[in-house]
Amino acid sequence: MRSHPSRLLTAAVLAVLTATSLQFAGTAAAAEYERVLNGKFDSGSADPWWSSAGVTNRVTGGELCAAVTGGTTNPWDALIGQNGIPFESGQSYTFSFDAYATTAQTVAAAAGESVSPYRGIAKQDFALTTAKQHFTFTFTSTLDFPDAGNGQVAFQLGGQTFANTICVDNVSMIGGVKPPGGVNPNPTKKVQVDLVAYVPGLPKRATLVSTATTAQQWTLKNSAGATVATGQTAPKGADATSGDSVHLIDFSSFDTPGTGYTLSVGADSSFPFDISADPIKKLRYDSLAFFYHQRSGTPIDAQYVGSEYARPAGHVNVAPNQGDNNVPCRAEISCGYTLDVRGGWYDAGDQGKYVVNGGIAAWQLLNSYERAVRLGDASAFRDGTLAIPEKTNGVPDLLDEARWEVDFLLKMQAPDGMAHHKIHDAAWTALPTRPELDDQPRRLSATSTAATLNLAAVAAQASRLWRDIDATYSAKLLAAARKAYTAAKANPAKLADPNDNVGGGAYDDKTVTDEFYWAAAELYTTTGDSSYRADVTSSPHYKAAGLTRAGFYWGGTAPLGDITLAVAPNGLPAADVTAIKSVFASVADQHLTAMGQMGYATPYDNSADGYVWGSNSAVLNNAQVLALAHDFTGAAKYRDGVFEALHYLLGRNPLSTSYVAGYGDQAVRNVHHRFWAKQNDATLPIAPPGSLSGGPNSALQDPVVQRLLVGCPQQKCWVDDIGAYSVNEVAVNWNSALAWVTGWAAEKSGKPTTPPPSDCEVKYDATKWQGGLSAHVALKNTGTTAWTSWKLAFSFPGTQKVTTGWSANWNQSGRDVTATNMSWNGQVDPGKSVYIGFNASGGGDDPKTFTINGKTCKTG
């Protein structure tokens with residue numbers, strides 16, 4: 001939520017500012033357009049204000065107070081600020097704020113650029129005292145930054161030998177002639193495809209954005225630019241959810257595996273994509289890797305995640321952590337005991353751990369395994385399939401990962417059998433904050449009926465899955481589940497406090513009949529006890545009465561019980577189990593009917609509340625309903641619906657964006673997360689591959705989207721910004737849905753479809769510097785026939801632009817690069833190589849896929 005660069009307004013830049021940039025009072029009056037977000041701090045949150053190293057932000061009494069470490073040299077060595085401030089060159093702005101300090105000192109208020117070369121616009125020093133004062137100054141901008149651009153305001157707090165606390169309030173930047181907001185800064189395409197891959201043998205559909213009322217010709221090209229298929233679009237007209245006028249494209253008849261295909265209509269082309277089952281099989285594991293990344297209480301080791309994502313253990317009582325080993329209740333609860341609640345998964349972008357969210361996430365991973373055992377193929381989850389420390393312990397790795405959370409849920413059980421609702425920091429943790437550097441005290445919230453029933457349900461489910469693996473552990477789980485269920489029945493209406501939202505989300509739930517049904521279903525399936533059976537069959541949720549197109553989520557869990565009763569053997573009448581399965585098929589049919597009318601086919605019901613917080617998880621949970629309908633009936637239409645949902649998430653949407661990090665040319669990067677925070681600290685990583693963004697949220701519930709996206713169509717209410725937590729956070733229950741669906745889809749995708757080795761090999765070696773590179777490329781004929789001419793093709797993944805080249809005729813269109821032979825080097829005999837190269841501006845990762853004469857080459 002608080003974004004900052006590694007440095008801002010260095011001494012040289014400040015000298016220029018002082019000499020040339022400041023223009024104060026007397027400038028023409030500016031329009032009353034507020035440029036700063038959350039300048040009053042009335043919500044109790046600092047979003048989207050950030051703090052630099054050595055500074056800790058806290059919102060106290062409606063003020064942002066920054067604790068600053070002493071001993072810095074320069075004022076800009078300690079900062080608080082806000083990025084994405086819109087400025088217009090030549091326009092007047094008035095910067096005002098209230099401020100005071102624990103110890104009197106001078107601070108600077110500055111406006112400028114948040115990235116290199118860190119150009120300044122204005123700066124003024126102000127002498128703070130221990131009494132709150134109002135400050136203001138006016139200037140004319142010399143730079144132009146659009147919404148979500150690189151404009152920034154900051155307070156420079158350093159240069160003091162002593163530690164201090166500086167508090168600001170009523171921060172305002174008024175001015176400009178253009179009202180801020182109203183646009184999504186992400187580039188979009190007219191031809192929308194899955195940016196990753198279509199599976200051979202399954203439908204392949206895309207969307208064209210066009211107001212044309214007649215069919216248009218589409219062309220499918222391979223990576224070498226050769227046309228491999230053509231056809232006509234089907235006009236659909238206005239699509240209210242996306243705001244687009246659309247045509248549908250169906251290219252299912254083309255089924256040749258390969259990489260780098262593009263679909264075009266006229267001059268408009270799609271992002272490249274593959275026809276292959278391999279990416280979905282890889283995503284099955286990357287989506288599960290998310291949970292190891294989110295583990296609390298253990299080091300995240302480079303051997304499993306790479307050095308970029310490795311970190312020390314968080315919250316193990318190693319300074320500055322206060323630890324999760326001896327956590328008391330919140331002061332107003334006074335429970336009289338402490339709990340050791342180390343372990344578990346950090347819930348989302350914050351460092352809280354929530355039983356009701358962790359419960360459904362753990363259940364979904366366990367159900368993915370149980371469903372594979374009963375109805376599919378569980379070998380994909382065998383020991384050794386995941387990059388986790390337990391990969392050689394003889395237990396299926398999916399169960400190992402789920403156990404990390406299940407054990408934490410057991411630790412959240414109070415002596416009386418109830419479960420505490422959550423544990424997190426006493427106040428909202430600053431962004432970014434690596435888990436091991438979090439210095440806040442940790443507190444348990446009160447126990448709740450919903451949390452207790454989550455514990456009962458998941459522990460009972462896990463008990464039957466471990467019965468033949470570890471009988472002692474299975475018995476421990478069942479005992480905890482029974483104790484929790486008994487405690488919940490004795491306290492049937494102990495609801496979480498909706499106002500307990502300081503330092504962590506409230507996760508309040510006013511209705512718990514669904515949790516009672518779910519827990520009873522799990523306990524009955526595990527034990528066969530008649531008392532649990534009676535609670536199942538007498539529930540108003542029995543026989544999938546609660547399953548609708550709205551699906552399920554952490555606060556609506558009755559369908560989880562239905563899934564268990566339909567998948568796992570139990571003593572219910574066969575007719576009742578059949579009735580449950582029939583409801584899944586019926587709801588799946590409703591989804592398919594609605595999807596047939598959409599411009600971007602999505603199993604999502606927006607009729608009540610539009611697109612909501614975490615809409616992508618709802619898409620995936622509904623895809624799970626479609627998948628189970630296929631399991632129960634064998635009907636191919638339901639399988640196809642699951643893949644349509646994945647195509648939407650992976651790029652066939654009105655934003656031309658893959659909501660899964662690391663998948664597709666325009667994939668989410670800047671999720672709301674306190675460690676995956678490269679957007680505001682260049683030393684930190686972006687989201688790791690397989691992480692799912694929450695997705696469009698038409699309620700616009702954070703300051704960033706409230707500025708950027710006013711008036712957005714529902715499916716376009718999203719932006720890839722770390723401060724946009726209501727649309728771009730991650731969460732364990734969202735990734736568990738992705739893991740369930742991709743695991744199922746990978747199972748249904750057949751054998752790997754990687755094309756056979758070709759008769760060429762490309763070696764690419766680039767020397768890089770800031771703003772450019774020089775590349776040497778070797779093309780080797782590994783076949784048995786000489787080349788008489790050759791054409792190399794590849795695509796840059798970044799901003800690289802070829803400026804000069806040698807030993808080939810070089811050409812670039814967008815990101816696509818081709819090189820053809822010169823008159824003297826077109827002949828390449830078998831086993832021989834030709835050497836070419838180029839210089840380029842820009843930067844980014846190296847190309848991954850190369851073709852020669854239309855054939856994909858081995859890389860070395």
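Below 30°, between 30° and 60°, or above 60°: for Phe95 and Phe137 the angle between ring planes is between 30° and 60°, a tilted geometry. Note on ring orientation: taking the six-membered ring where Trp is involved, the planes of Phe97 and Phe155 are perpendicular (angle over 60°, cut-offs 30° and 60°).
A search for ring pair (Phe, Tyr, Trp, His ring centres under 6.0 Å) contacts involving Tyr100 returns nothing, not counting sequence neighbours. Judged as a side chain to side chain donor-acceptor pair (under 3.5 Å), and not counting sequence neighbours, the contacts of Trp345 are Glu401. Residues meeting the side chain to side chain donor-acceptor pair (under 3.5 Å) test with Thr447, sequence neighbours left out: Lys494. In this structure, the side-chain contact (heavy atoms from CB on, under 4.5 Å) partners of Gln701, at least two apart in sequence or on a different chain, are Trp613, Asn697, Ala699, Ser726. In terms of the side chain to side chain donor-acceptor pair (under 3.5 Å) criterion, Ser698 has no residue partners (sequence neighbours excluded). Taking the side-chain contact (heavy atoms from CB on, under 4.5 Å) definition, one finds that Thr165 meets it with Cys65, Ala67, Thr102, Cys167, sequence neighbours left out. Listed by chain and residue number, Asp347, Asn357 satisfy the side chain to side chain donor-acceptor pair (under 3.5 Å) test with Tyr507 (two or more places apart in sequence, or in another chain). Thr129 is linked by a side-chain contact (heavy atoms from CB on, under 4.5 Å) to Ala131, Gln133, counting only residues two or more places apart in sequence or in another chain. Residues meeting the salt bridge (charged side-chain N to carboxylate O under 4.0 Å, His left out) test with Arg342, sequence neighbours left out: Asp340. The ring pair (Phe, Tyr, Trp, His ring centres under 6.0 Å) check on His293 picks up Tyr309, Trp676, with sequence neighbours excluded. Checked against side-chain contact (heavy atoms from CB on, under 4.5 Å), Ser656 has the following partners two or more places apart in sequence or in another chain: Thr188, Lys189, Gln192, Phe271, Gln666.
Side-chain contact between Ser242 and Pro713 is absent, with no heavy-atom pair separated by less than 4.5 Å. The closest side-chain heavy-atom distance from Val68 to Ile166 is below 4.5 Å. A heavy-atom distance below 4.5 Å is found between the side chains of Asp681 and Pro432. Side-chain contact between Ile121 and Phe145 is present, with at least one heavy-atom pair separated by less than 4.5 Å. The side-chain heavy atoms of Leu700 and Cys717, taken from C-beta on, include a pair separated by under 4.5 Å. Considering only heavy atoms from C-beta on, Val59 comes within 4.5 Å of Phe41 through its side chain. Contact of the Thr657 side chain with the Trp718 side chain is registered, since non-hydrogen atoms from C-beta on lie closer than 4.5 Å.
Between the side chains of Asn728 and Ser693, at least one donor-acceptor pair of N or O atoms lies under 3.5 Å. Of the N and O atoms on the side chains of Asp125 and Thr106, not one donor lies less than 3.5 Å from an acceptor on the other residue. Donor-acceptor pairing under 3.5 Å is recorded for the side chains of Asn170 and Asp98. In summary, the side chains of Gln679 and His672 do not present any donor paired with an acceptor at a separation below 3.5 Å, with no hydrogens or angles considered. With 3.5 Å as the limit, one finds no donor-acceptor pair spanning the side chains of Asp350 and His424. For the 3.5 Å distance criterion, the side chains of Glu113 and Asn150 fail to qualify, holding no donor opposite an acceptor. Under 3.5 Å, the side chains of Asp438 and Thr433 contain no donor-acceptor pair of N or O atoms.
Electrostatic pairing of Lys132 and Glu63 counts as a salt bridge here, judged by a charged N lying under 4.0 Å from a carboxylate O. Between Asp500 and Lys422 there is a salt bridge, since a side-chain N of the basic residue sits under 4.0 Å from a carboxylate O of the acidic one. At a threshold of 4.0 Å, the pair Arg58-Asp439 counts as salt-bridged, since one of the basic side-chain nitrogens sits closer than that to a carboxylate oxygen.
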For the pair Gln714 and Asn606, evaluate side-chain hydrogen bond (donor to acceptor under 3.5 Å, both in side chains) and give the outcome as yes or no after the intermediate values.
-> CA-CA 9 Å; Gln714 291 180 17; Asn606 67 334; 2.8 Å; yes

Exercise for the section: Before giving the answer on side-chain contact (heavy atoms from CB on, under 4.5 Å), spell out for Arg330 and Leu444 the whole-Å C-alpha distance, their side-chain angles and the decisive distance to 0.1 Å. Expected result: CA-CA 6 Å; Arg330 296 176 66 89; Leu444 292 165; over 6 Å; no

Determine whether Thr94 and Thr138 satisfy the following criterion, side-chain hydrogen bond (donor to acceptor under 3.5 Å, both in side chains), listing intermediate values before the conclusion. CA-CA 4 Å; Thr94 297; Thr138 299; 3.0 Å; yes

Q | Chi angles and distances behind the salt bridge (Lys or Arg N to Asp or Glu O under 4.0 Å) call for Asp425, Arg443 | A | CA-CA 6 Å; Asp425 286 350; Arg443 295 292 182 264; over 6 Å; no

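The backbone N or O of Asn317 sits nowhere less than 3.5 Å from a side-chain atom of Asn321 that would complete a donor-acceptor pair. No side-chain donor-acceptor contact under 3.5 Å links Glu729 to the backbone of Gly694. Glu88 contributes a side-chain N or O that, together with a main-chain N or O of Lys178, makes up a donor-acceptor pair within less than 3.5 Å. Side chain of Gln152 to backbone of Ile85: no donor-acceptor contact under 3.5 angstrom is found. Between the side chain of Arg35 and the backbone N or O of Ser172, no donor-acceptor pair lies under 3.5 Å. Remark: the backbone N or O of Asn670 is paired with a side-chain donor or acceptor of Asp720 at under 3.5 angstrom. Listed for the Ser116 side chain is no donor-acceptor partner under 3.5 Å among the backbone atoms of Tyr118. In this structure, the side chain of Gln82 engages the main chain of Leu37 through a donor-acceptor pair within 3.5 Å. When atom types are taken as modelled, the side chain of Thr69 and the backbone of Gly54 share a donor-acceptor pair closer than 3.5 angstrom. A donor-acceptor pair is defined here as one N or O able to donate and one able to accept, closer than 3.5 Å; such a pair exists between the side chain of Arg707 and the backbone of Gly84.
Nearest heavy-atom pair across Tyr604 and Gly610 is OH-O, 3.1 Å. Minimum heavy-atom separation, Pro703 to Asn38: CG-CB, 4.4 Å. Shown here for Cys329 and His420, the closest heavy-atom pair between the two residues is SG-CE1, 3.6 Å. Across all their heavy atoms, Tyr354 and Gly505 have their closest contact at OH-N, 3.2 Å. Nearest heavy-atom pair, Met412 versus His421, reported as atom, atom and distance to 0.1 Å: CE-C, 4.5 Å. In terms of heavy atoms, Phe135 sits closest to Ala99 at CE1-O, 3.9 Å.
Atom CD of residue Gln294 and atom NZ of residue Lys353 lie 12.0 Å apart, to the nearest 0.5 angstrom.
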Anything under 3.5 Å between a donor and an acceptor, one on a side chain of residues 157-164, the other on a protein residue two or more places apart or in another chain? List them.
{"from": "Asn164", "atom 1": "OD1", "to": "Thr103", "atom 2": "N", "distance (Å)": "2.9"}
{"from": "Asn164", "atom 1": "ND2", "to": "Thr103", "atom 2": "O", "distance (Å)": "2.7"}
{"from": "Asn164", "atom 1": "ND2", "to": "Gln105", "atom 2": "OE1", "distance (Å)": "3.0"}

